[in-house]
Amino acid sequence: MAKAVERNEDDDLLCQQNGKKLSKQKRKQLGISCMLNTEVGAILAVIRRVPDSTSQFISTTEEGFDSSVLNSLKSLRGLIFSPQQEWHTIDPSIYLAPFLDVVQSDDIPASATAVALSAILKILKLEIFNEKTPGARDAINSIVTGITSCRLEKTDSTSEDAILIRILQVLIGIMRNRTSYLLTDHAVCTLVNTCFQVVQQSVSRGDSLQWHARHTMHELIQTIYARLPEIETHEAENSESETEDADMGINLDSGYGIRSMVDIFHFLCSLLNVVEVVDVDGSTATNSDEDVQLFALTLINSAIEISGDGIGKHPKLLRMVQNDLFHHLIHYGMCSNPLLLSMICSTVLNIYHFLRRSIRLQLEAFFTCVLLRVSNGGVSPQLQEVALEGCISFCRQPTFIIEMYVNYDSDPICRNVFEEIGKLLCKRAFPMPNSPLSSIQVQAFECLLTMIHNIADSMDEDADSRSDRLHPVVVTEYRPFWIAERNNDDSLESWVESLRMRKAQKRKIMIAADHFNRDEKKGLEYLKMAHLVPEPRDPKALAYFFRYTPGLEKNKIGDFLGDPDEFNLQVLKEFTHTFAFSGMILDNALRTFLETFRLPGESQKIQRILEAFSDRFYDQQFSELFVSKDAVFILCYSVIMLNTDQHNPQVKKKMTEEEFIRNNRAINGGKDLPREYLSELFQSIATNAITLFGQSGSSIEMNPNRWVELINRAKSMDPFVVCNYHHNLSRDMFACISGPAVATICAVFEQGDEDEILNECVEGLFSVAKVARFGLEDTLDELLASFCKFTMLLNPYASGEETLYAFSNDLKPRMATLAVFTIANKFADVIRGGWRNLVDCLLKLKKLKLLPQSVVEPDTSSPSPSDILTHSKSESGVMFPAFDTGYVITPKTSGLTGRFSHFLSLDCTEESLTQAGTELEQNLKIIKQCRIGNIFSNSSNFPDDSLQNLGRSLIFAAAGKGQKFSTSVEEEETVGFCWDFLITITMANLHRFMSFWPSFHENLILVAQLPHFSPCPFSEKAILGLFKVCVQLLSSLQSDKLAEEFIFKSINLMWKLDKEILDSCSVCITQSVSKLLIEYPANIQTQLGWKSVLHLLSVSGRHPETYEQGVEALISLMSDGTNISRQNYAYCIDCAFGFAALKISRLENSWKIIDQMVESVNLLIQWYRTGYTDPGSSVSMSNMSSSSFEESKGHNSSTISLFIKLAESLRKTSLVRREEIRNHAVLALQRSFVLTDELGFTSTTCINCFNLVIFAMVDDLHEKMVEYSRRENSIKEMRSMVATLKLAMELLKEIFLQFLRPLTESSGFRTFWLGLLRRMDTCMKAELGDDSELILQQLVPELLKEMITKMKEKEILAPKEDNDLWEITYIQIQWIAPSLKEELFPTDY
C-alpha cells in the first residue's frame, strides 16, 4: 500500500515537469485571451452606459448603436476562449477589426473609442502578432487606416483631448512594433500627417496635449529615420525627377522605405515656409510662423542626427538637403529671430558633421550670407550674439578650420571663409577701453584661442618631420588655378603644395584687382607679370578673372566685355560660359548675368553682350520654348528696354503689359511666345527692377537667382574635402589672421583682470610661438614687444622705485615677465626683432637688482680656457650655466603652461605673498623661474638670423640706444653687461663665427654713426671683449682667414673711435697680443691680422707696465723667425723700431731688438734664394715654370723693398737721443749691408739705398749736429751726435766701396757722385764752435782719399775724353780738401 502511494507521487511529479513548458505557453495564451475579453467587455459596458451622468442605471438594450459594431464585438468575445490555434498564428484582423470598427464608428461614444484605442495599444505592446503571422502586413496597415480615420463627432473638448493623446500613443506604438517595417510608404506618411494634424490642433488646446503631440512627432521621426541606414540605394533613386511615382526599385514586400522618407523630409522642409495671416492696420499681411519653423527644424535635426551619413547614400534625399532645406535655412537665417537662428545653426552644424562632402557651396553661402553677415552688425545685438555663438560652435569642431581653409580660402573662386571667421572672432573679442569683458567677448576670445591652439598642436605634431624652415611659395610660371587641376601625384605633399600655390595665386589675384581698378592696362599687365595668365593670353583665364575676382570695378569689366576686339569677344564668350542657366527663367538668368558687371551705355556694346548671353541661355534652356537664339536675343533686348521704361523716373508714360506683349509678337521664329509667359515676364520686371548699374564688390544677399546658379554650379564643383591639419597649411592659415589675433591677445591681456583670462592669454602666446617657428618670426616679435610692455619694465617715465612697486604688487607684470622669458627659453630660435625688447627688460632687471644669482653673481674661481665655451663669466658678473639641472626644457607645451598654473596657485593671493617672505625675495623667486641664464647658454642652437638679431640688440643697447643712465657708473655697468653678454654668446658660437659676426660688425659701424653716440665706455668694453674673442678664435688650428679679418676689423674700428683706450686698456691689449704672438703666431694668417697685432703691440707696449711683456713677445717672434713672412715682415720691422727707439727701453733690450732686425736679413736672403716662397715651402727654383719665374722676379723686387724698409728703420733708429742706441743702429745697418751681397743689388737698387737710407741718415745726423751746436748747453749732445755722424760717414764709405761696381754702372752715377761729394763738403765745413770740428775735418779727407784711390784702381776715375767725371772730381776736391789735390791728382795726369 505504501509503495503504491509512493509510485503515484512520483508520477505526479513527472507530469508536472513534463508539462511545465506547456503550462507556461498556455498561461501566455490565456493571458492574451483574458486581456481581449476584458477590453471587449469594457467597450460593451461603456456602450451600454446611460448618457445621463447622474444616473447609475446601465441600459440593458443596445438601441441606437451600430449593430454591426456590437455584433463584431460579441462575435470576438465568443471566440476568445476557444481558439483553434495560438494567437500569433491567427490572422490579426480577426481580433483587431472589432476594435477598429469602434474607433471608426460615428455613433460610438468617446469613452468607448478611448477604450478601443487602449485595447489596440495593448495588442501592439504585447506583440500578439509578429512579422511571421499570416496577415500581419494587412493588419498593421489596417491599424494605421483605422486610427487615422478615427471619428470624434460626439465628443466634448475634454474627452477629445484624452482621445487624441490615446491616438498619439497608438501611433507611436505602431512604429515601435516589430512589424512596423511592413507598413507601406503611404501608411507611414499618413501616420506622420495625422500626428502633425494633432500637433496643429494642440496649439489651441491644453499644454498636455501639445506636449504629447510634439513628443510623439519626435518619436515618429526618429523611429522612421533610424531605418534609413539599413535601406540600400537603388539606381532608380538617381533620377532627377521629383514627381516620380515609382517605388524607386524597392521591393514592396520589404515595407516602407526611401520614398516615404523623402516625402516626409519634403513635408518637414515645407513647414519652414508656413506663414500666418495677420491683420495690420485693417489690411492683411503674411508673416512666417516661427513656432512651426522651430518645430520643423527640431524634427529635421532629429532626422539628420538619427540618419547620420545615411542621407548621403540616397540621392533624392540628399538633393532635398542641398536645395530645399539649405535654401530655406539661408533665407530665414538672414531675417529671423535669435531662437530660430540658433536652431538653424544647430541644423547646419549637424549637416556639416554628416554630409559636408556634398554641401560645399551651400556651406559657404550659409557662412557668407548668414553667420558672417549677421555677426558683423546691422541687426539686433541678440541676433549678432547668436550668430557669433554659431560660428564658435563650428570652430570648436576639431577639423573645421583646416577644412574651411582648404575648401574655400585656398580656392580662388570662393570666399576666404576661415580668414573672415578668424577676423570676426578677433573683432568681437577685442575689448573696449576701460570696460570689463562681456560673456560674448570671452566666448569669442576662447574660440580664437582654440583655433590657435589647434593650429599650433597640429604643427607641433609635425615638427619632427620638419627638416628646415618653410619655403615661401613663389609663382614662377603660369599654372591653371581657377579650377583645381587633377594631379596624377596623389601624395600628401604634392596636394599640400598645390593648395599653397593656389592660395598664393589667389593673393596675387587680389593685388591684380587693385591694379585693374586703378588702371585697366596696368592690371592686365600685372596678371601677365605675376604669371596669373598664360602667354600667349588665354581668354578663359581672363574670363575667370572677371567672373570670380571680388572687388573689381564692374564698369571696367563691362567696357572690356563690350569691346569689339577679337580677343575681347573671345573673353566675353568664355565669360558667359562660366554661368549655369539651367533651370532659370529668362529674367532670373538675365539678372544673374548682369549682377556681375555694369552694362555699358553704348548700344553696340550692349548688343554684343546680349548676343553672347542669348547664345548661352539658349544652349542651356530647360524647355523648347525658344526656337532660336535670335528669339532669346530680341526678348532680352526688349526686357532691357522694359526695365528702363518701368524704372526710369524720367519716363513719364510707362509701357503697359499689352504694349509689351504686342511689341514682342512673332519674334519666336515667326510665332508668338505664350501670352502667359510674356505676362509673367512683364510683372516680374515691373515689380522688381534688373540692376543694370551694379556696384563694385561682391554682394552677400542670397536671392532666388543666385540660389539657382549656386545649385547649378554645385553639380560640377568638386566635393568638400575632408582633411586634417598639415604644418605647411597650418602655418599659412595662421598667417592670414596673425595680425588681428596678436592684437587681440595683447588687448585682452591688457584689459583682463581675471586670472583665468590672463592665463589663457599666456597660453595663446605659447601657441603663437609654436606656429612662428614655421616662418612667422615677425608675428612672435610683435607679440613679444607687446608683452614686454606689460612687464612694466620698459616704462620710460617710471623711476626704479615705481617700477619695482608695480612689479611687486601686480600679478599681471609678473605673469608677463615670466611669459616672455619662458618664450625666450623655449622658442629663442624663432625670435628676431623681439630680442631688443628682451634685452631692455634684462637691463631693467639688472638695474632693479632682480637678476638671478646664476647670471650676476661674481665668480670666485677663474675658469680655465677650455671651459670658456661651456661656463663663462665676465667682469660684470654675467655667467651662463651650460645646463641647469633644476629646469629641464621639455618639448611638451604642458611644461610651459604647467609652470603658470603653479605660479598662479602660489603667487596670486596676498596671503601667499606675505608667507613667501619679503617683496624682494618673492620677486627674485619669480625671476628665477624665468631661467634667464638658460636662454643664452643655449645660444649655440639659435639659427643665424636669431643670433644676429640678438647681437644687434645687445650692441645697440650697449651704445645707449633706448637706455637712460642717471650716472656714469650706471652707464659703464650697463655697457659692460651688454658686452659681456655679447662676448659670451660669441664664444659659444665660434664654430660658426662667419655666419653672424659680419652682421655684428655692420652694427658696430652703425652705432658709431649715431648722433649722440659716446665712444667711452663703449669702445673700452668692446676692446676688452673683442680681444677675448680674438684669442679664442686664433687658438684654433683651423681658424678662418675671413673670420680673422673681421675680428681685427672690429678691433681696429673700436680703438679708432677713441684712441685713448689704447692707453687705458694697454695691459689687456698687451697681454692678448703677446699671447697671440707667443702661443698662436702660426694661426695669424692675414695681412690685416699681422698689421693689427704688431701695431697694437707697439702702441700698448710703450707703457712701463706693459713694456717688458711687449718686448718679450716681439723678441720671441723675431728670434724664432718661423712665423715671419713677406706678409708680416714690414710690420715686424715697424714694431721693432718702435720698441728699439722707445725712451723707456733698456739698452740691452734695444740692442737685442736691433740685432734681431739685422738677423732678419738672413730671411730676406733665404726668400730671395727660394724665389717667391716663404720658409718651409717646398717650391724651389728648380721646379718653377717660366710663368712662375716671371712672377718670382716681382717677389725678388719685393724682397729688396723689404730690405730697404729694414734699412730705413735702422736709419730712423740712428736718430734717437741715446748715443748708444744710435751708434748700435749705425753699426747694425752696416752689418745689414754686408749681408746683402747675396740679394743681387742692381745699380738702381744701390742708388735707391743710398738716397733713401745712407744719404738720408747722414743728412739727418748732420742737421741734428748743427742744431745741437746752436743750442745753449748742448755741447754734450752735439759731441755725441758728431760721434754718430762719424760712424755714419764711415758707413757711407764702406757701403760705397762695397757697391762700387754696380753704382758706376748706373747712368745716374755722375749725379750720385756729386751728391756724395756735396755731403763730404758739408761735413768738412761744419761750424760747430768746438774741437769736434777737427774730428770731421780729419775724417773727411781720409774717407775721400780712400774712395778716390779705390776708384782710380778700378779705373772708374780716370781722365777720359768722353767722361768729365775726372774733371768734376778734381774741381770738387780742390774745394773740399785742397790738401789731397797733389796726392790724388798729380800733375802727370
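Values reported hereafter were calculated over all heavy atoms of this structure, with side chains retained and with hydrogens, waters and symmetry mates removed. Just so it is clear, the model here is predicted, and its values are computed rather than measured.
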> Which residues satisfy the side-chain hydrogen bond (donor to acceptor under 3.5 Å, both in side chains) test with Tyr352, sequence neighbours excluded?
Replying inline: Glu403
>> Holding to ring-ring contact (aromatic ring centres under 6.0 Å, His included), I want the full list of residues that pass it with His331, two or more places apart in sequence or in another chain.
In response: none
> Does anything in residues 635-656 pair up under ring-ring contact (aromatic ring centres under 6.0 Å, His included), and if so which pairs, sequence neighbours excluded?
Replying inline: Phe633-Tyr637
> side chain to side chain contact (heavy atoms under 4.5 Å, CB included) between Glu364 and Asn407: does it pass, once the steps are laid out?
Replying inline: CA-CA 9 Å; Glu364 178 194 16; Asn407 286 280; over 6 Å; no
> Any salt bridge between Asp411 and Arg502, counting N to O under 4.0 Å?
Replying inline: yes
>> Assess the residue pair Val348 and Leu371 against the criterion (side chain to side chain contact (heavy atoms under 4.5 Å, CB included)); give the C-alpha distance rounded to whole Å, side-chain angles, the decisive distance to 0.1 Å, and a yes or no.
In response: CA-CA 11 Å; Val348 177; Leu371 288 188; over 6 Å; no
>> Please evaluate residues Arg608 and Glu611 with respect to the criterion salt bridge (charged side-chain N to carboxylate O under 4.0 Å, His left out), reporting the C-alpha separation (whole Å), side-chain torsions for both, the decisive distance (0.1 Å), and the verdict.
In response: CA-CA 5 Å; Arg608 280 188 286 270; Glu611 284 178 351; over 6 Å; no
List, one per line, each side-chain donor-acceptor pair under 3.5 Å for residues 382-393, sequence neighbours excluded.
{"residue": "Gln384", "atom": "NE2", "partner": "Val379", "partner atom": "O", "Å": "3.0"}
{"residue": "Ser393", "atom": "OG", "partner": "Glu389", "partner atom": "O", "Å": "3.0"}

> So, for Ala741 and Ile452, which heavy atoms are closest and what is the spacing to 0.1 Å?
Replying inline: CB-CD1, 4.1 Å
Scan the side chains in residues 419-432 for donor-acceptor partners under 3.5 Å anywhere in the protein, sequence neighbours excluded, and list what turns up.
{"residue": "Glu419", "atom": "OE2", "partner": "Lys423", "partner atom": "NZ", "Å": "2.7"}
{"residue": "Glu420", "atom": "OE1", "partner": "Arg415", "partner atom": "NH2", "Å": "3.2"}
{"residue": "Glu420", "atom": "OE2", "partner": "Arg415", "partner atom": "NE", "Å": "3.0"}
{"residue": "Glu420", "atom": "OE2", "partner": "Arg415", "partner atom": "NH2", "Å": "3.2"}
{"residue": "Arg428", "atom": "NH1", "partner": "Ser375", "partner atom": "O", "Å": "3.0"}

> So how far is it from Lys654 NZ to Gln646 CD, rounded to the nearest 0.5 Å?
Replying inline: 6.5 Å
> Is the count of non-hydrogen atoms from other residues, nucleotides or ligands lying under 6.0 Å from Lys556 atom NZ greater than 12?
Replying inline: yes
> From Ile661 CD1 over to Thr656 OG1, what is the distance, rounded to the nearest 0.5 angstrom?
Replying inline: 8.5 Å
N/O donor to acceptor pairs below 3.5 angstrom from side-chain atoms of residues 526-550, sequence neighbours left out:
{"residue": "His531", "atom": "NE2", "partner": "Thr476", "partner atom": "O", "Å": "3.3"}
{"residue": "Asp538", "atom": "OD1", "partner": "Lys540", "partner atom": "N", "Å": "3.4"}
{"residue": "Arg547", "atom": "NE", "partner": "Thr578", "partner atom": "OG1", "Å": "3.0"}
{"residue": "Arg547", "atom": "NH2", "partner": "Glu709", "partner atom": "OE2", "Å": "2.0"}
{"residue": "Thr549", "atom": "OG1", "partner": "Phe545", "partner atom": "O", "Å": "2.7"}

> Is any NZ, NE, NH1 or NH2 atom of the basic residue among Asp718 and Arg360 found under 4.0 Å from an Asp or Glu carboxylate oxygen of the other?
Replying inline: no
> So which pairs with a foot in residues 579-590 pass salt bridge (Lys or Arg N to Asp or Glu O under 4.0 Å), sequence neighbours left out?
Replying inline: Asp587-Arg591
>> Under 4.0 Å between a side-chain nitrogen and a carboxylate oxygen: does that hold for Arg598 and Glu553?
In response: no
>> For Asp514, give me all partners under side chain to side chain contact (heavy atoms under 4.5 Å, CB included), at least two apart in sequence or on another chain.
In response: Arg518
>> Within the structure provided, determine whether Leu499 and Ser410 are in side-chain contact (heavy-atom separation under 4.5 Å).
In response: yes
> Does any non-hydrogen side-chain atom of Phe575 lie less than 4.5 Å from one of Thr596?
Replying inline: yes
> Any side-chain heavy atom of Thr347 within less than 4.5 Å of one from Ile351?
Replying inline: yes
>> Using 30° and 60° as the class boundaries, would you call the ring planes of Phe617 and Phe581 parallel, tilted or perpendicular?
In response: tilted
>> Are Val722 and Arg357 packed together at the side-chain level, in the sense that at least one heavy-atom pair is separated by less than 4.5 angstrom?
In response: yes
> Just wondering, do Phe366 and Phe326 contact through their side chains at under 4.5 Å, heavy atoms?
Replying inline: yes
> Is the closest side-chain heavy-atom distance between Ile634 and Asn668 below 4.5 Å?
Replying inline: no
> Just wondering, do Ile609 and Pro600 contact through their side chains at under 4.5 Å, heavy atoms?
Replying inline: yes
>> Quick one, Phe660 and Ser638 - any side-chain contact, counting heavy atoms below 4.5 Å?
In response: yes
> Which heavy atom in Glu520 sits nearest to a heavy atom in Phe560, and how many Å separate them?
Replying inline: OE2-CD1, 3.2 Å
>> Ignoring hydrogens, what is the shortest heavy-atom contact between Met404 and Phe418? Give both atom names and the distance.
In response: CB-CB, 4.0 Å
>> Please enumerate all residues that pass ring-ring contact (aromatic ring centres under 6.0 Å, His included) together with Phe593, with sequence neighbours excluded.
In response: Phe579, Phe597, Phe613
> Taking only residues two or more places apart in sequence, or in another chain, which ones meet Val708 in a side chain to side chain contact (heavy atoms under 4.5 Å, CB included)?
Replying inline: Met584, Asn712
>> List the residues meeting side chain to side chain contact (heavy atoms under 4.5 Å, CB included) with Leu710, not counting sequence neighbours, and say none if there are none.
In response: Leu361, Gln362, Ala365, Met702, Trp707
> What pairs with Phe367 under ring-ring contact (aromatic ring centres under 6.0 Å, His included), at least two apart in sequence or on another chain?
Replying inline: Phe394, Phe400
